[in-house]
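Everything on this sheet refers to the single structure shown next.
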Amino acid sequence: MERRSLYQPPTSAKNSTQWADGPEFVTQCPIRPGGNYTYRFNLTGQVGTLWWHAHSQWLRATVHGALIIRPREGQKYPFIKPYREDTIMLGEWWNADPNDVESAALATGAVPNIADAYTINGWPGDMSNSTCRSNITYRLDVVPGRTYLLRIINAALNTQFFFKIANHNFTVVAVDAAYTNPFPTDVVVVKPPTSC
């Protein structure tokens, strides 16, 4: 088993510390097999969506998750409270170990192979040419006329995604755990690694 480290992308939460910000042996010791690591950090003034991921080679392609910071008790969103919230993690899938894809690129100096499939919440769906092809596809059932807060995270290594739902518009209200001036759009461009 390999050593691991975790990384939470830079935000104002990390203004006062350089620790836990990268690859093993650079700013932190690795998390040894069977070991654990407690990461304490301050989230003063932040509300919204962040994410965490492994920071050893290309393991972040498969070892990652959402970090949702909800408003404090008694505080409200600066927009109409949504009927429901849902987290959407966009990612990549290779028909190979992602570390082998990285190693092949480093050995030849070439650009890494593009993903064999793209995923929503870990599922490539039934249209991919991937070996992990599945009839299970992410699905969000909605009630017409209701407002939904979609927390969109790009967990891909190298791909920016253009997220769109046919015949629907969005209002972007936050990016990387910071509220923004709301703006309407019919497509959300999410670069790696970003959340909104």
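Every value quoted in this text rests on a predicted model; they were computed, and no experiment measured them.
In this structure, OG1 on Thr62 lies 12.0 Å from NE2 on His53, to the nearest 0.5 angstrom. Atom CG of Asn95 is separated from atom CG of Asp116 by 4.0 Å, given to the nearest 0.5 angstrom. With rounding to the nearest 0.5 angstrom, the OG1 atom of Thr159 is 8.0 Å from the CD1 atom of Ile114.
Between Arg84 and Leu140 the shortest side-chain heavy-atom distance falls below 4.5 Å. Taking 4.5 Å as the limit, every side-chain heavy atom of Glu102 sits out of range of all side-chain heavy atoms of Pro112. With a 4.5 Å cut-off on side-chain heavy atoms, Phe79 and Thr147 do not count as touching. Using a 4.5 Å heavy-atom cutoff, the side chains of Pro71 and Val47 are in contact.
Leu150 and Val173 are not part of a single hydrophobic cluster, where members link through side-chain heavy atoms under 4.5 Å apart. Hydrophobic cluster membership differs between Leu149 and Leu67, with clusters built from Ile, Leu, Val, Met, Phe, Trp and Tyr side chains linked at under 4.5 angstrom.
Ala156 and Pro192 get closest at one heavy-atom pair: O-CB, 3.2 Å. Annotation for Pro182 and Thr171: closest pair CB-CG2, 3.8 Å, computed over non-hydrogen atoms. Counting all heavy atoms, side chain and backbone alike, Lys164 lies closest to Asp186 at NZ-OD2, 2.8 Å. Residues Phe170 and Val188 approach most closely at CD1-CG2, 3.8 Å, considering heavy atoms.
Ring geometry for Trp94 versus Trp58: interplanar angle of 30 to 60°, hence tilted.
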What's the verdict on side chain to side chain donor-acceptor pair (under 3.5 Å) for Arg151 and Thr87, showing C-alpha distance, side-chain angles and the deciding distance? CA-CA 5 Å; Arg151 299 176 179 276; Thr87 301; 5.0 Å; no

Side chain to side chain contact (heavy atoms under 4.5 Å, CB included) between Phe183 and Val172, intermediate numbers included: CA-CA 5 Å; Phe183 64 92; Val172 176; 3.5 Å; yes

List the steps and the verdict of side chain to side chain contact (heavy atoms under 4.5 Å, CB included) for Val143 and Tyr148. CA-CA 9 Å; Val143 176; Tyr148 292 78; 3.6 Å; yes

Would you check, one step at a time, whether the test side chain to side chain contact (heavy atoms under 4.5 Å, CB included) holds for Glu85 with Arg70? CA-CA 11 Å; Glu85 298 181 20; Arg70 303 206 184 279; 2.6 Å; yes

Hey, mind stepping through Ile153 and Ile88 against side chain to side chain contact (heavy atoms under 4.5 Å, CB included) and telling me if it holds? CA-CA 6 Å; Ile153 298 170; Ile88 298 174; over 6 Å; no

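Ion pairing between a basic and an acidic side chain is recognised when a charged N comes within 4.0 Å of a carboxylate O; Glu92 and Arg60 show no such pairing.
Formation of a donor-acceptor pair under 3.5 Å by the Asn121 side chain with backbone atoms of Met89 is found in this model. Between the Trp51 side chain and the Ile68 main chain, no donor and acceptor come within less than 3.5 Å of each other. At least one donor-acceptor pair closer than 3.5 Å links the side chain of Thr185 to the backbone N or O of Val187.
Between Phe161 and Phe163, a ring centre-to-centre spacing not shorter than 6.0 Å is recorded.
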